[in-house]
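Shown next, in structure tokens, is the structure this report addresses.
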Amino acid sequence: MLDRVCAGDVARKHHIQLRGPGGELRYEECFTRDGFEGPYSILYHLRRPHTQRLAPEPVKHGWLAPVAVDSRALAKRHYRTAGMVTRGPQIDSRVALLFNDDLIAGVVFPTEPDPIYIADADADQLIYIHRGGGTLRSVLGDLVFAQGDYVYVPRGLMHRFLPDGEQHWLWLSLTGGVHVPKQWRNEVGQLRMDAPYSHRDFKRTEFVGPRDEGIRDFIVRRGGVWHGFVLEDSPLDVVGWDGTVYPWAFPILNFQPRVSSVHLPPTWHGTFAARGALICSFVPRLVDFHPEAIPCPYPHSSTHCDEILFYCDGNFTSRRGVGPGSISHHPMGLPHGPHPGSYENSIGSTRTDELAVMADTYAPLAATPAALGIEDANYQDSFV
Ligand SMILES: [Fe+2]
């Protein structure tokens, strides 16, 4: 939720008549969060937005809910996603790797557009575009995204993805929503001047107006299950909308990193807050400048967090054996830190070119069979 956007035709006041050029009444849709207490957008449709029929056949689309493998030994883990091969639209080919009640983390390599409209009523989606780009088409307009963008899809928004070229995405499904951390807002909700990004750093949807793609199938994820509907007409019939709930994209390199005389904890790289998780961006930056500084991260026992790190690009100063597309998972209960030699060798360095996305989760993560299939079995012992 950022600043208010207003696009197309809207009534001059909430909940009063808006009419078309021939006097046709438009239909409001109040798209709300937290009942009617939270942020909202108001859309104006050509037709009633609630006329879907139950699909006559079982749903054929939708990614599979994660299932945990049997309990395993507590260990540091490394999963290599770069070699994975999946094909199809993102809605059918997402692979879940790690999850708890707050978050599902996985990867996807979409090869074609979603053939249906989708609404996820269980969770907000935050997708990091490691490779690729494309368009997120929704009832609010088109959001064009590129490599290195986080793409945010609000829970319940009717949409579909149109990827352009080869793709490799990290996706996070966040049950309790995802937000700009509170500390980055002033009392009127504006992003503070000392926040690590400003309103101008976000990409927003381009409003298009009513159109018909000929698609009438619509699926909704609720309770971890996909439910199918058939629409009477094109749902892309919005003539205007305003509000603060809408999809956006944030290029990771727009994040302004912090550096101190000595090493700052990962919290300072906090980019987005979610229930049960903090999402951090590690971007190229100067490093700690105290004459006796140790720029490499200190070993730590973060006893209340599981940590997953998705390695994007650059030279990962603290880790060996990982590469672009690697995911490390360091569970609570075990101290973790740099690989042998990295701590010592970092002394005297002045900058790092690493690019990575991290999620610290406050509840333990379980792995799926797909994660086991791409696991590097030697990772735990590689720290000895
Ligand atoms: Fe850590």
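Computed from a prediction, not measured in an experiment: that's the story for all the values here.
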Note to self: If the condition is ring pair (Phe, Tyr, Trp, His ring centres under 6.0 Å), which residues does Tyr117 pass it with, not counting sequence neighbours?
What the structure shows: none

Next item on the list: Calculate, to the nearest 0.5 Å, the distance between atoms CG and CG belonging to Leu162 and Leu143 respectively.
Entry: 11.5 Å

Note to self: Check Asp122 with Arg222, please: is the shortest side-chain N to carboxylate O separation under 4.0 Å?
What the structure shows: yes

Notebook entry, point to check: In Å and rounded to the nearest 0.5 Å, what is the CZ to CG distance from Arg185 to Leu2?
Noted result: 6.5 Å

Next item on the list: Give the cluster check for Phe218 versus Leu140: same hydrophobic cluster or not, with ILVMFWY residues linked at side-chain heavy-atom distances below 4.5 Å.
Entry: yes

Notebook entry, point to check: Does a donor on one side chain and an acceptor on the other come within less than 3.5 Å for Ser173 and Arg221?
Noted result: yes

Note to self: Aromatic contact between Phe161 and His159, with the criterion being ring centroids under 6.0 Å apart: yes or no?
What the structure shows: yes

Item checked: Cation-pi check, Arg33 onto Phe36 ring (under 6.0 Å, within 45° of axis) -> no

Notebook entry, point to check: Once you round to the nearest 0.5 Å, how far does OG of Ser138 lie from CZ of Arg160?
Noted result: 11.5 Å

Check: Is a donor on one side and an acceptor on the other found under 3.5 Å between the side chain of Thr361 and the backbone of Ala363?
Finding: yes

Next item on the list: Give me the ring orientation class for Phe282 and His269: parallel if the planes are under 30° apart, tilted from 30 to 60°, perpendicular past 60°.
Entry: tilted

Check: If you measure from the Lys or Arg side-chain nitrogens to the Asp or Glu carboxylate oxygens, is any gap between Arg137 and Asp142 under 4.0 Å?
Finding: yes

Next item on the list: Evaluate whether atom CD of Glu344 has more than 12 neighbouring non-hydrogen atoms of other residues, nucleotides or ligands under 6.0 angstrom away.
Entry: yes

Note to self: Quiz question: by atom type and distance under 3.5 Å, do the side chains of Ser281 and Tyr150 form a donor-acceptor pair?
What the structure shows: yes

Next item on the list: Dump the intermediate steps for side chain to side chain contact (heavy atoms under 4.5 Å, CB included) on Phe202 and Leu191, then the final yes or no.
Entry: CA-CA 12 Å; Phe202 289 78; Leu191 295 175; 4.1 Å; yes

Item checked: Arg19 and Asp9 ion-paired at < 4.0 Å -> no

Next item on the list: Start with the C-alpha gap between Glu29 and Tyr27, add the side-chain angles, then the distance that decides, and say whether side chain to side chain contact (heavy atoms under 4.5 Å, CB included) holds.
Entry: CA-CA 7 Å; Glu29 179 190 359; Tyr27 295 90; over 6 Å; no

Check: Just by distance, do the side chain of Thr368 and the backbone of Ala96 share a donor-acceptor pair under 3.5 Å?
Finding: yes

Margin query: For Phe310 and Tyr128, take the angle between the two ring planes, folded into 0 to 90°, and tell me which bin it lands in: parallel under 30, tilted 30 to 60, perpendicular over 60.
Written below: perpendicular

Notebook entry, point to check: Step by step, would you call Thr244 with Tyr40 a side chain to side chain contact (heavy atoms under 4.5 Å, CB included)?
Noted result: CA-CA 6 Å; Thr244 59; Tyr40 61 90; over 6 Å; no

Margin query: Does any part of the side chain of Trp63, heavy atoms only, come nearer than 4.5 Å to the side chain of Ile104, both counted from C-beta?
Written below: yes

Margin query: More than 12 heavy atoms of other residues, nucleotides or ligands under 6.0 Å from CZ of Arg211: yes or no?
Written below: yes

Notebook entry, point to check: Step by step, would you call Ile91 with Ile219 a side chain to side chain contact (heavy atoms under 4.5 Å, CB included)?
Noted result: CA-CA 10 Å; Ile91 191 58; Ile219 62 168; 4.0 Å; yes

Notebook entry, point to check: Do Asp360 side-chain atoms and Cys305 backbone N/O form a donor-acceptor pair below 3.5 Å?
Noted result: no

Notebook entry, point to check: Can you list every ring pair (Phe, Tyr, Trp, His ring centres under 6.0 Å) pair that touches residues 77-113, not counting sequence neighbours?
Noted result: His78-Tyr379, Phe109-His168

Next item on the list: Keeping the roles fixed (side chain from Thr352, backbone from Pro284), state whether a donor-acceptor pair exists under 3.5 Å.
Entry: no

Next item on the list: Could you tell me whether Arg53 and Glu232 make a salt bridge, using a distance below 4.0 angstrom between a side-chain N and a carboxylate O?
Entry: yes

Notebook entry, point to check: Linking I/L/V/M/F/W/Y whenever their side-chain heavy atoms sit closer than 4.5 Å, directly or via other members, would Leu43 and Val245 fall into one cluster?
Noted result: yes

Next item on the list: Please confirm whether the backbone N or O of Lys76 pairs with a side-chain atom of Gln380, one donor and one acceptor, at under 3.5 Å?
Entry: yes

Checklist line | Candidate pair Arg275 and Asp124, rule salt bridge (charged side-chain N to carboxylate O under 4.0 Å, His left out), full reasoning | finding: CA-CA 11 Å; Arg275 189 192 72 197; Asp124 282 357; over 6 Å; no

Next item on the list: Measure the CG-CG distance between Leu170 and Leu97 for me, rounded to the nearest 0.5 Å.
Entry: 9.0 Å

Check: Atom CD in Gln17, atom CZ in Arg26: separation rounded to 0.5 Å?
Finding: 12.5 Å

Check: Are more than 12 heavy atoms from other residues, nucleotides or ligands located less than 6.0 Å from atom CG of Asp101?
Finding: no

Side-chain atoms of residues 251-258: list all donor-acceptor pairs with protein atoms under 3.5 Å, sequence neighbours left out, distances to 0.1 Å.
from   : atom 1 : to     : atom 2 : distance (Å)
Asn254 : ND2    : Asp201 : O      : 3.1
Arg258 : NH2    : Asp194 : O      : 2.5

Next item on the list: Check whether any side-chain heavy atom of Glu206 sits under 4.5 Å from a side-chain heavy atom of Val144, and report yes or no.
Entry: no

Notebook entry, point to check: Does Glu166 CD have over 12 foreign heavy atoms under 6.0 Å away?
Noted result: no

Margin query: Classify the ring geometry of Tyr197 against Phe272: parallel below 30°, tilted from 30° to 60°, perpendicular beyond 60°.
Written below: parallel

Next item on the list: Look at atom CD of Glu24 and say whether more than 12 heavy atoms of other residues, nucleotides or ligands are closer to it than 6.0 Å.
Entry: yes

Notebook entry, point to check: How many angstroms lie between CD1 in Ile127 and CG in Leu172, if you round to the nearest 0.5 Å?
Noted result: 9.0 Å

Margin query: Using a strict threshold of under 4.0 Å (side-chain N to carboxylate O), is an ion pair present between Arg77 and Asp306?
Written below: no

Next item on the list: Indicate, with yes or no, if the rings of Phe31 and Trp241 have centres closer together than 6.0 Å.
Entry: no

Checklist line | Backbone of Val188 reached by a side-chain donor or acceptor of Asn186 within 3.5 Å | finding: yes

